[in-house]
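Predicted, not measured: the structure shown is a model, and the values here were computed from it. One is the number of the first residue; the rest follow in order along the sequence.
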Amino acid sequence: MGQNIRTGRCVVAVDGPSGSGKSTVSRRLAVGLDARYLDTGAMYRAITWAVLRSGVDPADAESVAKVAGEVELRIGTDPQGYGVTVDGTVVDREIRGPEVTGAVSAVSAVPAVRALLVRRQQQMIDNAGRIVVEGRDIGSVVAPEADLKVYLTASATARAQRRSAEDAADVAATAADLARRDKLDSTRTTNPLQQAPDAVVLDTTELGIDEVVARLRALLTERGVA
């Protein structure tokens, strides 16, 4: 990995709602920084897939926590090709399906699941040194000492259009699902979706991916950690 002008470490926390551009921006930024990349949302989706596979009701917090504690979850950190496995089964495609999407907010709200995965995420960040981490509570909970905290957002219309294009889904239905998930994720008791007080807010509605990445690189350069 490349070295920056301070210690070689560089942790970037990217938070925001679905459809704001987090994944694409985070991966591209990680490549440019010669850093690792961690999609924390994929970890919650993987646990959700395991819960559904086990026939457990996502609303049954105790049973969900039991599944989460027993499965073997592995996730790569290569921004150009990471993979997710549960008990040795590759689930990259499965965790993006509608069934998992519909249940992930409920599973993610279970305190024991969040505690388990946050510990795992913090260990991965410490081991990586240089890493871009995306999610919903990275700047506020997972990596509060990150060199740069960013909260990406976009208009509801732009977010729905982007996500429906990715999933080949109806825009109106996608907008309704995003609104549902936003409400669940922002009102849960444990580690809700929120903007860290010292995060840089960037509205991506009218910005291209390259422009967003360039702005983040500029912020990192200003802070001496690019």
Side-chain angles (χ1 to χ4, degrees), residues 1-44 75-82 117-118 120-163 166 178 181-182 185-186 191-226:
M1 292 291 172
Q3 298 290 304
N4 65 42
I5 62 174
R6 294 196 310 176
T7 66
R9 290 184 59 84
C10 179
V11 178
V12 181
V14 183
D15 292 305
S18 298
S20 58
K22 294 194 308 294
S23 296
T24 304
V25 167
S26 296
R27 287 197 302 269
R28 196 167 298 181
L29 179 62
V31 170
L33 293 175
D34 192 22
R36 310 310 293 176
Y37 160 73
L38 179 59
D39 178 355
T40 64
M43 299 175 74
Y44 287 101
I75 182 168
T77 57
D78 182 345
Q80 301 191 77
Y82 71 99
L117 293 187
V118 167
R120 179 87 177 274
Q121 292 155 10
Q122 290 175 333
Q123 291 171 352
M124 295 176 75
I125 291 170
D126 287 342
N127 291 337
R130 292 179 69 82
I131 190 168
V132 178
V133 190
E134 64 148 304
R136 284 167 163 70
D137 63 347
I138 310 306
S140 57
V141 175
V142 179
E145 302 302 320
D147 296 283
L148 174 64
K149 302 176 188 177
V150 184
Y151 189 89
L152 296 185
T153 186
S155 70
T157 298
R159 291 170 53 216
Q161 289 175 338
R162 292 169 182 172
R163 186 48 55 88
E166 292 175 1
L178 290 180
R181 290 183 60 199
D182 286 350
D185 292 346
S186 61
N191 303 349
L193 163 65
Q194 62 181 337
Q195 172 193 330
D198 53 347
V200 175
V201 180
L202 190 55
D203 189 324
T204 67
T205 302
E206 301 296 335
L207 299 176
I209 296 300
D210 289 340
E211 188 171 2
V212 175
V213 172
R215 292 193 182 191
L216 299 187
R217 289 293 299 269
L219 288 170
L220 287 166
T221 297
E222 290 175 6
R223 299 175 187 210
V225 290

side-chain contact (heavy atoms from CB on, under 4.5 Å) partner of Leu216, the single match among Val12, Leu202, Leu33: Leu202
Short question: side chain of [X], backbone of [Y] - any donor-acceptor pair under 3.5 Å?
{"X": "Asp137", "Y": "Ser140", "answer": "no"}
{"X": "Asp15", "Y": "Ile138", "answer": "yes"}
{"X": "Thr24", "Y": "Gly21", "answer": "no"}
{"X": "Lys22", "Y": "Gly16", "answer": "yes"}
{"X": "Arg36", "Y": "Thr77", "answer": "yes"}
{"X": "Ser155", "Y": "Ala158", "answer": "yes"}

With the side chain counted from C-beta on, respond yes when [X] and [Y] share a heavy-atom pair under 4.5 Å apart, and no when they do not.
{"X": "Ile75", "Y": "Leu38", "result": "yes"}
{"X": "Val25", "Y": "Leu152", "result": "yes"}
{"X": "Val31", "Y": "Gln80", "result": "yes"}
{"X": "Met43", "Y": "Arg120", "result": "yes"}
{"X": "Val200", "Y": "Tyr151", "result": "no"}

Measuring from atom [atom1] of [X] to atom [atom2] of [Y], what distance do you get when rounded to the nearest 0.5 angstrom?
{"X": "Leu148", "Y": "Leu220", "atom1": "CG", "atom2": "CG", "result": "5.0 Å"}
{"X": "Arg223", "Y": "Asp147", "atom1": "CZ", "atom2": "CG", "result": "8.5 Å"}
{"X": "Tyr44", "Y": "Arg136", "atom1": "OH", "atom2": "CZ", "result": "10.5 Å"}

List the residues meeting side chain to side chain donor-acceptor pair (under 3.5 Å) with Thr205, not counting sequence neighbours, and say none if there are none.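 If we apply the side chain to side chain donor-acceptor pair (under 3.5 Å) test to Thr205, skipping adjacent residues, the hits are Asp203.
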Considering non-hydrogen atoms only, spot the tightest contact between [X] and [Y] and give its length.
{"X": "Ile125", "Y": "Ala143", "value": "CD1-CB, 4.1 Å"}
{"X": "Gln122", "Y": "Val141", "value": "NE2-O, 3.5 Å"}
{"X": "Val11", "Y": "Gly129", "value": "CG2-O, 4.0 Å"}
{"X": "Ala30", "Y": "Pro79", "value": "CB-CB, 3.8 Å"}

Salt-bridge contact Lys149-Asp198 (side-chain N to carboxylate O under 4.0 Å): yes
Using the salt bridge (Lys or Arg N to Asp or Glu O under 4.0 Å) rule, take Arg28 and Asp210 through it: C-alpha gap first, then chi angles, then the decisive distance, then the call. CA-CA 9 Å; Arg28 196 167 298 181; Asp210 289 340; 2.7 Å; yes
Applying side-chain contact (heavy atoms from CB on, under 4.5 Å), name anything that partners Ser26, two or more places apart in sequence or on another chain. Val14, Tyr37, Val132, Glu134
